[in-house]
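Working notes, structure below.
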Amino acid sequence: HLVDWRLFQQLQSAPISWVELLGGIALALLAFPLCALRWHRLLAAQGVQLPFATAHAIVWIGQFYNGFLPGGIGGDAARLTEAFLHAPAQKGAITAATALDRVIGFLVLLALALPAIAFFETATDKTGATV
């Protein structure tokens, strides 16, 4: 009873840009394989021989847990647990690669956010009011 369902009626009559919708779907479908490729290469640099298909599946498992557990650490814990099953003797290397993957992901988001903030910064007049 707290949702104003009339807002959803406006969405039904809004035009859909199929190009933008399909572009968004394509980017979403590329995101996880690219994350898996990055993690797979970091694992390989640490000497962990894990097939790409396995790394890709583990990344999807981690994303599933990220969707249901609070914070992003649940997905990392799930990735570590699954990877430890495949290479139990290399837990330190897997943990290091996962931590570095997290740092790289943060830096990439920061690199994308800073230009966006500069681009969308609102102009203000001398009184500080938004123009």
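Here the CG-CG distance, from Leu34 to Leu27, works out to 9.5 Å after rounding to the nearest 0.5 Å. Here the NZ-CG distance, from Lys91 to Leu80, works out to 10.5 Å after rounding to the nearest 0.5 Å. How far CG of Leu114 is from CG of Leu109: 11.0 Å, rounded to the nearest 0.5 Å. Taken to the nearest 0.5 Å, the CG atom of Leu100 stands 9.0 Å off from the CG atom of Leu107. Taking CG of Asp76 as the start and CH2 of Trp39 as the end, the distance is 9.5 Å to the nearest 0.5 Å.
Looking only at side-chain heavy atoms (C-beta outward), Ile61 and Arg79 stay at 4.5 Å or farther from each other. Contact of the Thr98 side chain with the Leu42 side chain is not registered, since no non-hydrogen atoms from C-beta on lie closer than 4.5 Å. Between Ile94 and Gln46 the shortest side-chain heavy-atom distance does not fall below 4.5 Å.
When every heavy atom of Pro33 is checked against every heavy atom of His56, the shortest pair comes out as CG-NE2, 3.6 Å. Gly74 and Leu69 get closest at one heavy-atom pair: CA-CD1, 3.8 Å.
Within 6.0 Å of atom CZ in Phe52, more than 12 heavy atoms from other residues, nucleotides or ligands are found, so the atom counts as buried in its surroundings. The number of heavy atoms from other shown groups lying within 6.0 Å of CZ (Phe64) does not exceed 12.
Panel note: side chain Thr54, backbone Leu50; no donor-acceptor pair is recorded below 3.5 Å. Judged by distance alone, with hydrogens and angles left aside, the side-chain atoms of Gln90 form a donor-acceptor pair with the main-chain N or O of Gly47 at under 3.5 Å.
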Would Gln49 and Leu43 satisfy side chain to side chain contact (heavy atoms under 4.5 Å, CB included), going step by step from the backbone distance to the final call? CA-CA 7 Å; Gln49 299 303 316; Leu43 288 170; over 6 Å; no
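Screening His40, Arg38, Arg41 against Asp101 for a side-chain contact (heavy atoms from CB on, under 4.5 Å) leaves a single residue, Arg38.
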